Structure formats: structure tokens, C-alpha cells
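Data first, discussion second: the structure below is written as C-alpha cells.
This one's a predicted model, so the numbers in the text were calculated from it and none came from an experiment. Each chain gets a letter, A, B and so on, in the order the sequences are listed, and its residues count up from 1.
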2 protein chains.
Amino acid sequence: MSKVKRKPKRLVNKPLNRQKLIQATLDSIVDVGIENTSVTEILDKAKLSRGMINLHFDNKESLLLEALKFYTDIYNQTFYKQLESVKTASPAFKMQTMVAHDLDICVLNRDYVVIWYEFRGKARTNELYRQYTDTRYKRFRDTYYSICTELVKAEPLQGVSSKSIAHGLITMIEGMWIDFYLHSDSFKRSAAKKTFFIYLTALFPSQFTHKGALK
Amino acid sequence: MSKVKRKPKRLVNKPLNRQKLIQATLDSIVDVGIENTSVTEILDKAKLSRGMINLHFDNKESLLLEALKFYTDIYNQTFYKQLESVKTASPAFKMQTMVAHDLDICVLNRDYVVIWYEFRGKARTNELYRQYTDTRYKRFRDTYYSICTELVKAEPLQGVSSKSIAHGLITMIEGMWIDFYLHSDSFKRSAAKKTFFIYLTALFPSQFTHKGALK
DNA sequence: GATTATAATGAACAATTGTTCATTATAAAA
DNA sequence: TTTTATAATGAACAATTGTTCATTATAATC
């Protein structure tokens, strides 16, 4: 008789505590590194009891993967938002916008970069991590390749493929991130941007200027 | 009476087993990552008994540090040998030589790069590791800065500091290493070299050509 | 207020970590 | 050959790892 309906109950705090665990995991990675991020460490930070990780996630590994997923989503969202906003603009403006994004404080900040490299350090020996890090990397690379192709079309260079040029630029951005990761204290966002535009101007003098502005 | 002299004995195999442990540690880092490099893993690889790490080194941490030291010495030796060999050459030739070294298979190979990034991943939270990785990085950077200064002196660029140029080049080399680390299967040494020389030629057209040769 | 579904707890678990040290093996010196 | 110094062994250790699950707490429904 009373078997009419048993609806879900008490789901108010569950998603909240789930998110707490993800945040505590990311905090722990920043504080003590992914290597020393134990369940004890995470639960101390989240101020939750010992069984919570295995209640909300199957195991510690799943929690770490969800944290990585949550993290990469942030970058993807801002990256694509920027890309969308310059869809019809000139290639030079596209390049300027995307470089500005990748050197912006909302993406190139201490915590953010640390988390990225901690996860990617484990990606080599962890198939699942590699999936996420490689996907992000591919999108990032494809975007810059595409913009470089447009730049070369607008201003052809003799005997130089747009592929090679894109390769160099992508490599440089990656190097900038590493530079920030290693020396975030002395790293100067403006200097990085300037350096970047020196190289762009050397290759495409009719589309850029050293000062980072467009022609 | 018989207290005349007690000379050291049986020191034949000790250094040999010590080196075995260092090599097994590096092998383990390549195989399973520094995170999963346990004493059990190392000793299995070295085919030595359980107590050996604490006999030859104070503890596991010391062994890892000695392995890092052994590793960085290899790079430093070849790097300085090359640098010494071009001491009196033109800046362009110096640049060509050092880039060739840093993209050469004896330094840019799978095992070598993996070990480097595994250690550097831990360097952020490990003061001692950081000392070694930072020292190597500083030497590397100083060398390229110095060569760039010479290049700019030979061919001044208006409104562009040699510091910025060096910054870009160093950043690109670092990025090439990362690229190799992440995609050693598809990485093409020749393509990397070519890309590098495109940028050098764009900046210093009277000292380089796209083909990687000197003018 | 009583019932019920489930979120949260934390003691207990087996497995693995790095380290210790009494014991054994071995090569050089007496 | 005997003695001696020390290199090597591996069982035993305490500490820490991630996971389990019987118990308790709590909010929605009856």
C-alpha cells in the first residue's frame, strides 16, 4: 500500500560536499604536490570524515580524475569564449586575442599552472590523465595552427611553411608557461607578451608591430 | 703489538653496487615514473638485497639525489664540451652549435628527457632537487643570453633588446623539449631545427638562412 | 511524532611504504 | 690457515597508504 513512491531524499548537501572534495584536492596539489596528496591530506583540507572520498567517488583515483576534469573545463571555457568572440576578425587580431588569453592572469596564475604541470607529470604513466591533457593540448595547438595559416595567407613568406611558423609560436607559448611555472616570482607578463610580438613582427611586419599593437 | 695498521679492505664491489643502484633508480623512473619508484622496485631492478640502499646511501631520498646528480653531470659535460669547442667562433656558429647540441639525440632522447621532467616535477616541493634543476637551467639560459648579445651586436635591431630575443629563443628551446617529451613518437628533430632557424633568420637575416646554414 | 531513505562518520582493515639490525659471506692481512 | 674488517643479506619493524562497513545522524515523507 505504502509502496506508492519513494522519491530521492536529502540531496541538499551531497553535491556540495562532492565539490568540497574536488576543491580540497586541487588545494592539496598546490600545497604539497600531487605526490603527497593523500586521502588524509584531502579530508583534512575538506574537513570531512575519512569515508567521504569512497562515498562520493569510487576511490581516490576517481576523485583525482574528476578534479582534473573540473580544472580543464575552466580553461576550455574561457579559451573558446575568446575564440568565438573573434570569429570574424582579422588573423592578426585573432592571434593578439588568443595570446592575450593564454598570458592572462585568469589562466596564467600560480595555482593554475602548478595544477596543470602536476597532472601532466603523471600523464605519462596514467592513461586517463593523458586523455585529458592531450585533448586540451590538441585544441590549443589546432587553434594556433589555424590562425597561423591565415596569417601566412595574408602575408606569404618565401620558402617557409605556415606549419613551421605555427610550430615555433606554439612551442614558444608552451615555453612561456614553463618559464612561469619555474619562476613565477620573476616572470613578467608584459615582457613575455613583448617577446612574443617581436617574433610575430619579424615574421609578419605588415600585420604586427613590436609594441604588441596591430598594424 | 698487532695494532700496526688496519688498512681498508674489500672495496672492490662496493662502488660497483653503488652505481648499480643509481642506474636501477634511473631505469625505474623511466619505466614506472618517479612516483612509483619504491625501494622494492629499485632493488628488484638492481638485483640486490633489501638493505642495500641504506648501506650505500643514508636513505632512499639520498639515492634519488645522487641519481639526479649523476644525470645532470652528463648534460653539463657535453654542453660545456661543445661550448668550449666554439669559444673563438662567430656568434652564429656558436648558436648553431649549441642548438645542434640541445636537439641532438645524445641529449634529446626519450629516457633522458623523461628523467629530466620527472625530477623537475618534484623540484617544486623538494628544495634539493630544485637546486640541481635550477642550476642547470641557469647555465643553459646564461649561455644563450650571451650568444644572443653577440648576435645583436653584429646585427642591431631597432627597438628590440637582445634580452627579449634571447628570452624568445630560450623559451622556444624549452618548448621543443616539452614537445619531445609529450610526443616523442611524432617529434622530428629536423623539423624542430628548421623551425628554430626560421625564427633566427627572420631576426638576423645577414647571419642565418632558413636552411639552418650560416651566411 | 514516527517512519524511512540515505548522507556522514570513523574504527578497523590489509597492503605497502622506507628503515633497522642481527646475522652471514667474503676477501685481504696476519 | 686463521683472523679480521666490512660488504651483503633479509626477516622484522613501525608508519602510512587507500578502502571497507557497521553504526549514527538527519532531513523528507507519512
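For A:Asp58 and D:dT19, the CG to C1' distance is 12 Å, given to the nearest whole Å. Rounded to whole Å, atom C1' of D:dA25 lies 14 Å from atom CG of A:Leu55. Atom pair A:Arg50:CZ and D:dT19:C1' shows a separation of 9 Å (rounding to whole Å applied). If you measure from atom CD1 of A:Ile53 to atom C1' of D:dT19, you get 10 Å, rounded to the nearest angstrom. In this structure, A:Lys14 atom NZ and D:dA25 atom C1' are separated by 16 Å, rounded to whole Å. Counting to the nearest Å, the C1' atom of C:dA7 and the CD atom of A:Gln19 are 18 Å from each other. In this structure, CZ of B:Phe57 is placed 16 Å from C1' of C:dT19, rounded to the nearest angstrom. Between the CE atom of B:Met52 and the C1' atom of D:dA7 there is a distance of 7 Å, rounded to whole Å.
B:Asn59 and B:Ser62 form a side-chain donor-acceptor contact under 3.5 Å, judged by distance and modelled atom types alone.
When Watson-Crick and G-U wobble pairs are counted only if both distances are under 3.5 Å, D:dA22 pairs with C:dT9.
Distances shorter than 4.0 Å separate none of the side-chain N or O atoms of A:Asn17 from OP1 or OP2 on C:dA7. At C:dG18, none of the side-chain N or O atoms of B:Asn59 fall inside 4.0 Å of OP1 or OP2 (strictly under the cut-off). Put simply, A:Ser49 has no side-chain N or O that comes within less than 4.0 Å of OP1 or OP2 on C:dA8. Taking only side-chain nitrogens and oxygens, A:Asn54 never comes nearer than 4.0 Å to OP1 or OP2 of D:dG18. Taking 4.0 angstrom as the limit, B:His56 places none of its side-chain polar atoms (N or O) nearer than this to OP1 or OP2 of D:dA7.
Taking a cutoff of 4.0 Å between a charged side-chain nitrogen and a carboxylate oxygen, A:Lys45 and A:Glu41 qualify as a salt bridge. A salt bridge links B:Glu84 with B:Lys87: the closest approach of a Lys/Arg side-chain nitrogen to an acidic carboxylate oxygen falls below 4.0 angstrom.
Note: B:His101 and B:Tyr80 fail the aromatic proximity criterion, with ring centroids not under 6.0 Å apart.
Of the residues listed (A:Val152, A:Ile198, A:Ile165, A:Leu151), the one engaging A:Leu203 in a side chain to side chain contact (heavy atoms under 4.5 Å, CB included) is A:Ile165, and it is the only one.
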